[in-house]
There are 2 protein chains.
Amino acid sequence: MGIKATPRSTPAAARSRTPRSIHASGHRTGLFADCPDLIGTPFSYAREEEIYGEGEEAEFVYRVVEGAVRSHKVLSDGRRQITGFHLAGSLFGFEQGEVHWHTAEALSDTRVLIFQRRPIERAATRSAEVACQLWSMATANLRDAQDLTLLLGRRSAQERLAAFLIEVDGRFGRTGTFALPMTRRDIADYLGLTIETVSRTFSQLEEEGALRRAGGRQITLHRARLRHVVET
Amino acid sequence: MGIKATPRSTPAAARSRTPRSIHASGHRTGLFADCPDLIGTPFSYAREEEIYGEGEEAEFVYRVVEGAVRSHKVLSDGRRQITGFHLAGSLFGFEQGEVHWHTAEALSDTRVLIFQRRPIERAATRSAEVACQLWSMATANLRDAQDLTLLLGRRSAQERLAAFLIEVDGRFGRTGTFALPMTRRDIADYLGLTIETVSRTFSQLEEEGALRRAGGRQITLHRARLRHVVET
DNA sequence: CGTCCAATTGAGCCACGTCAACCGCTGTGG
DNA sequence: CCACAGCGGTTGACGTGGCTCAATTGGACG
């Protein structure tokens, strides 16, 4: 659970690098787009590498440039709940307060932009616009978290997986065909299931013609039928 | 599920009332405490009365003065997930965007202060301080939602109920003795269980000496044992 | 071609859900 | 003052969706 790969380099090292300007693509919110003085430092993480851990001081925030990241919490006995996946363009690690209250790990080799949290928070205390963007971001995350709450509290395995696949499809541009960036274990820990149940549910959905699998990760959705599974 | 009592009066009527200044007690965040120009209008709701519905235009936000409120979402087939309880002092209904994405109902006869959302949002675009408070509030709600996510995704019935009772005790001042303001159905719909399972779990916890019941709602906790059930 | 690990599949079990009976309090009407 | 209806809560019997344990398959890579 959460195998740690050897870090290529440390955030401290990243901080000492010369920042280069790059423009982020596909961001969900416009935050930082209109803050030309906030330049992120490019950085990379290997597959399964930890980006930050729960309880660590929250010095940086991150934007995914390429790859994917998961945020999760673990109980002492190892049970894990993933609270979100961050794909290209999305910002994560912005958890107000002095410490991170999640652990973040790279799903695959991932490039990010790193920003120092302090200057952004200081900017927020001066600029209502920045603060409103942070508010807006927190609100979007809140809505996602509450949707997940409904999913976990009241939906069956089929409904959970179907809703999840529709969500991922949406993030990949609603093409209906994509490669899942996460393992069955990640999906299980996001949906509050076991890998076996996830696997069986994939099989059921495939039997019902709601999707087709190719090589485990590659998926083609039959969106109408999937949406029918989710209803509401 | 969500029986609607006859409203005593409507929010529209509240809007036309003369605002009276009162000071809110026991608020979780200081929001509005230092905004003397933002005066709330007192208003009341009867037990089980709907305060606002999902999809309605979000014209007001609310602070509980006395009583308790639940926020929830429902699926088309009636399955319900309560996403939060709001006790005296807490602010709710502030769900950025034009419409509410929850339904809110009074658990018992409840007094609130109503604030118009528009002026607050306008204030936020002008004052970084106000915007930061809104951000901070959203962040606190986000943390709660993600804790609930872990609870629903990965914990057993006993752990859920124990964690819930500790949480409620905390909100009532950590006395260890209190009357639950909500029914078993509400608890079940918050914890993603059925009323029968909640009831049986109460019985188990009582057998194990982790709490004592008196008349259904009145509870005395054995905090050490309850905490032991939750661990982590 | 062999190794490794993700994924699938099967068999059996159990925590929690379902269905149903019953209890006890409260309010109401005779 | 009692009878009774209504409702929240508890308990029992039984069903089942998802979990556990275990074996097998399949794809990626050396």
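Every chain is numbered from 1, with letters handed out A, B, ... down the list of sequences. In what follows, every heavy atom counts, from backbone to side chain, and hydrogens, waters and symmetry copies are set aside.
For the pair B:Arg185 and D:dC7, the criterion of a side-chain N or O lying under 4.0 Å from OP1 or OP2 is not met. Note on B:Ser203: a side-chain N or O is less than 4.0 Å away from OP1 or OP2 of D:dT11. Within the structure, every side-chain polar atom (N or O) of B:Ser199 is placed at least 4.0 Å from both OP1 and OP2 of D:dG9. Here A:Thr197 does not reach the OP1 or OP2 of D:dG18: none of its side-chain N or O atoms lies under 4.0 Å away. A close approach under 4.0 Å does occur between a side-chain nitrogen or oxygen of B:Arg184 and OP1 or OP2 of D:dT10. Here B:Ser156 does not reach the OP1 or OP2 of C:dA15: none of its side-chain N or O atoms lies under 4.0 Å away.
Residues meeting the side-chain contact (heavy atoms from CB on, under 4.5 Å) test with A:Glu54, sequence neighbours left out: A:Lys73, A:Thr103. Legend: residues meeting side-chain contact (heavy atoms from CB on, under 4.5 Å) with B:Arg223, ordered by chain and number and at least two apart, are B:Asp169, B:Arg174, B:Leu221, B:Arg227.
Rounded to whole Å, atom C1' of D:dG17 lies 16 Å from atom CG of A:Leu191. Rounded to an integer number of Å, the gap from CZ of B:Arg213 to P of D:dG9 is 11 Å. Between the CZ atom of A:Arg79 and the C1' atom of D:dT20 there is a distance of 15 Å, given to the nearest Å. The nearest whole Å value for the distance from the CD atom in A:Gln158 to the P atom in D:dG17 is 11 Å. Counting to the nearest Å, the C1' atom of C:dT8 and the CD atom of A:Glu206 are 11 Å from each other. Distance CG (B:Asp189) to P (D:dG9): 12 Å, rounded to an integer number of Å. Rounded to an integer number of Å, the gap from CD of A:Gln204 to C1' of C:dG10 is 14 Å. In this structure, A:Arg155 places its CZ atom 21 Å from P of C:dC16, rounding to the nearest Å.
A:Tyr52 and A:Tyr62 have their aromatic ring centers within a separation under 6.0 angstrom. Under the 6.0 Å cut-off for aromatic ring centres, A:Phe85 and A:Tyr190 qualify, their centroids lying closer than that. For A:Phe94 and A:Phe92, the distance between ring centers is not under 6.0 angstrom.
Distances from the side chain of A:Leu193 to the nucleotides D:dC19, C:dA6, D:dT10 place D:dC19 closest. Of the listed nucleotides (D:dG9, C:dT9, D:dC19), C:dT9 has the atom at the smallest distance from the side chain of A:Glu196. Picking from D:dG9, C:dA7, C:dG17 the nucleotide with the shortest atom distance to the side chain of B:Thr194 gives C:dG17.
Contact check on B:Glu48 versus B:Arg70 returns a salt bridge, with a Lys/Arg side-chain nitrogen under 4.0 Å from an Asp/Glu carboxylate oxygen.
Note on A:Arg160: nothing from the nucleic acid sits closer than 4.0 angstrom, heavy atoms only. Counting non-hydrogen atoms under 4.0 angstrom, A:Ile195 reaches nothing in the nucleic acid.
In terms of polar N and O atoms assigned as donor or acceptor, the side chain of A:Arg200 comes within less than 3.5 Å of the base of C:dG10 in a complementary pairing.
Toward the 5' end of DNA chain D, the nearer of the two residues A:Gly215 and A:Ala157, judged by each one's closest nucleotide, is A:Ala157. Between A:Met182 and A:Arg154, the residue anchored nearer the 5' end of DNA chain C, judged by the nucleotide with its closest heavy atom, is A:Met182.
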